[in-house]
There are 2 protein chains.
Amino acid sequence: MLLKIDFNSDEAIYMQLRNQIIVGIATSEIRDGESLPSVRDLAETLGINMHTVNKSYALLRQEGYLKLDRRRGAVVSVSPDKMRATMEMLEEMKVVVAKGICRGITREEALQMVDEIYRYYGTEE
Amino acid sequence: MLLKIDFNSDEAIYMQLRNQIIVGIATSEIRDGESLPSVRDLAETLGINMHTVNKSYALLRQEGYLKLDRRRGAVVSVSPDKMRATMEMLEEMKVVVAKGICRGITREEALQMVDEIYRYYGTEE
DNA sequence: TTATTGTTACACTTCTGATAGAACAAATAT
DNA sequence: ATATTTGTTCTATCAGAAGTGTAACAATAA
């Protein structure tokens, strides 16, 4: 799985990492049960600090995407917690959609966009 | 239009304000050409600082949602810039959808969610 | 034992968010 | 014309987050 940091982005490094890993899980680039690189290895690979990677991992653990052993960054998509996930997704979606509406993006276009993302991520299998 | 600040939120105040105003424009609660309260009035109403409101307004202006006269915070949905808006929306949507997929939200559910938001915001008229 | 793992603690710098007071030019109201 | 209100800008302060760095710890694996 390819992880890449944009140092010119206004988005925090640990957040870029978190988001990319979430996308990786969604696209099955990282399978359930597989392990991520160690915090030190990944930090060196990306040219960032160990604690920054650790922060991403800790956040992903807290959010229920990872479970961490001592010697393995095991990936677990536990806590479906669908009700809460739906509420959170709704809140975020509201703002994204609102911005789109202001810019003239129609419902059909938005729906197609979501559909394409699901297709791109490969919901089948 | 009702604007409300959640002081316990981890989201920045000026960002909460920005998002709510964007939603307000999308839902036509604030019509094109209408004006927002003055930075000082709104600040006092919400119990926050003038500069915080000004930061929201300045950001909305920079992003092309507002145009500001001296004595009127005129609302203008200029710069459709649909191509750029689509790209931005796609990037944000990718993360939101990825999180949803990890939590077991299906394509159908996501599509319905977007559809309901459009319906709720009132795309007609 | 030795090396590597996630984790924690402390320190330091830089940046952002938020508040505050003051002042400015332009526009409105009286 | 005078006084007020507008967005805007400047300087300043404070708290917290982000990022880096060094060091150490307990648990696990080689």
Side-chain angles (χ1 to χ4, degrees), chain A residues 1 3-22 24-25 30 33-76 78 95, chain B residues 1 3-22 24-25 30 33-76 78 95:
Chain A
M1 155 163 217
L3 294 173
K4 198 158 183 56
I5 300 300
D6 178 9
F7 292 96
N8 293 333
S9 172
D10 53 345
E11 194 177 27
I13 295 177
Y14 80 99
M15 268 298 182
Q16 292 184 41
L17 219 59
R18 185 203 78 139
N19 289 339
Q20 289 181 35
I21 291 174
I22 289 178
I25 297 175
I30 313 172
E34 282 186 10
S35 55
L36 295 171
S38 77
V39 288
R40 291 175 176 83
D41 281 354
L42 186 51
E44 192 174 11
T45 300
L46 298 176
I48 60 179
N49 192 274
M50 177 195 71
H51 295 98
T52 306
V53 178
N54 189 58
K55 192 168 184 177
S56 303
Y57 283 14
L59 180 58
L60 286 165
R61 189 205 70 215
Q62 184 197 337
E63 294 178 328
Y65 293 98
L66 293 185
K67 264 189 179 173
L68 304 172
D69 299 330
R70 280 289 163 189
R71 200 178 168 77
R72 311 196 49 191
V75 183
V76 196
V78 293
V95 178
Chain B
M1 155 164 218
L3 294 173
K4 198 156 183 57
I5 300 300
D6 179 9
F7 292 96
N8 293 332
S9 172
D10 54 345
E11 194 177 25
I13 296 177
Y14 81 99
M15 266 299 181
Q16 292 184 42
L17 220 59
R18 186 204 77 141
N19 289 339
Q20 288 181 36
I21 291 173
I22 289 178
I25 298 176
I30 313 172
E34 280 185 12
S35 54
L36 295 170
S38 76
V39 288
R40 289 176 177 82
D41 281 354
L42 186 52
E44 192 174 11
T45 300
L46 298 176
I48 60 178
N49 193 276
M50 177 195 74
H51 296 97
T52 306
V53 178
N54 189 58
K55 192 169 183 176
S56 304
Y57 282 16
L59 179 58
L60 287 164
R61 190 204 70 213
Q62 184 197 335
E63 294 178 329
Y65 293 98
L66 292 185
K67 264 190 179 171
L68 304 173
D69 299 332
R70 280 290 164 187
R71 199 177 168 75
R72 312 194 49 190
V75 182
V76 195
V78 292
V95 178

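No hydrogens, no waters, no symmetry mates; every other heavy atom, side chains included, goes into these values.
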I'd like a list of close polar pairs between nucleotides 12-17 of chain C and the protein, N/O only, cut-off under 3.5 Å.
residue	atom	partner	partner atom	Å
C/dG17	OP1	B/Tyr14	OH	2.5
C/dG17	OP2	B/Lys55	NZ	2.6

Side-chain contact test, heavy atoms from C-beta onward, threshold under 4.5 Å: evaluate it for [X] versus [Y] and give yes or no.
X	Y	value
B/Arg40	B/Val53	no
A/Ile22	A/Tyr65	yes
B/Tyr57	B/Leu42	yes
B/Asn19	B/Glu11	yes

Heavy-atom pair of closest approach, residues [X] and [Y]:
X	Y	answer
A/Leu3	A/Leu46	O-CD2, 3.4 Å
B/Arg18	B/Leu60	CG-CD2, 3.4 Å
A/Gly47	A/Phe7	O-CZ, 4.3 Å

Whole angstrom value for the distance that separates [atom2] of [N] from [atom1] of [X]:
X	N	atom1	atom2	result
A/Leu59	D/dG19	CG	P	12 Å
B/Asp10	D/dA18	CG	C1'	15 Å
A/Leu17	D/dA18	CG	C1'	14 Å
B/Asn54	C/dA22	CG	C1'	15 Å

When you measure from the side-chain N and O atoms of B/Arg61 to the phosphate of D/dG7, is any distance below 4.0 Å, counting only OP1 and OP2? no
Would you find a donor on one side and an acceptor on the other, under 3.5 Å apart, between the side chain of A/Thr52 and the backbone of A/Ile48? no
Going by heavy atoms closer than 4.0 Å, what residues in residues 38-52 of chain A are next to DNA chain C? A/Ser38, A/Val39, A/Arg40, A/Asp41, A/Met50, A/His51
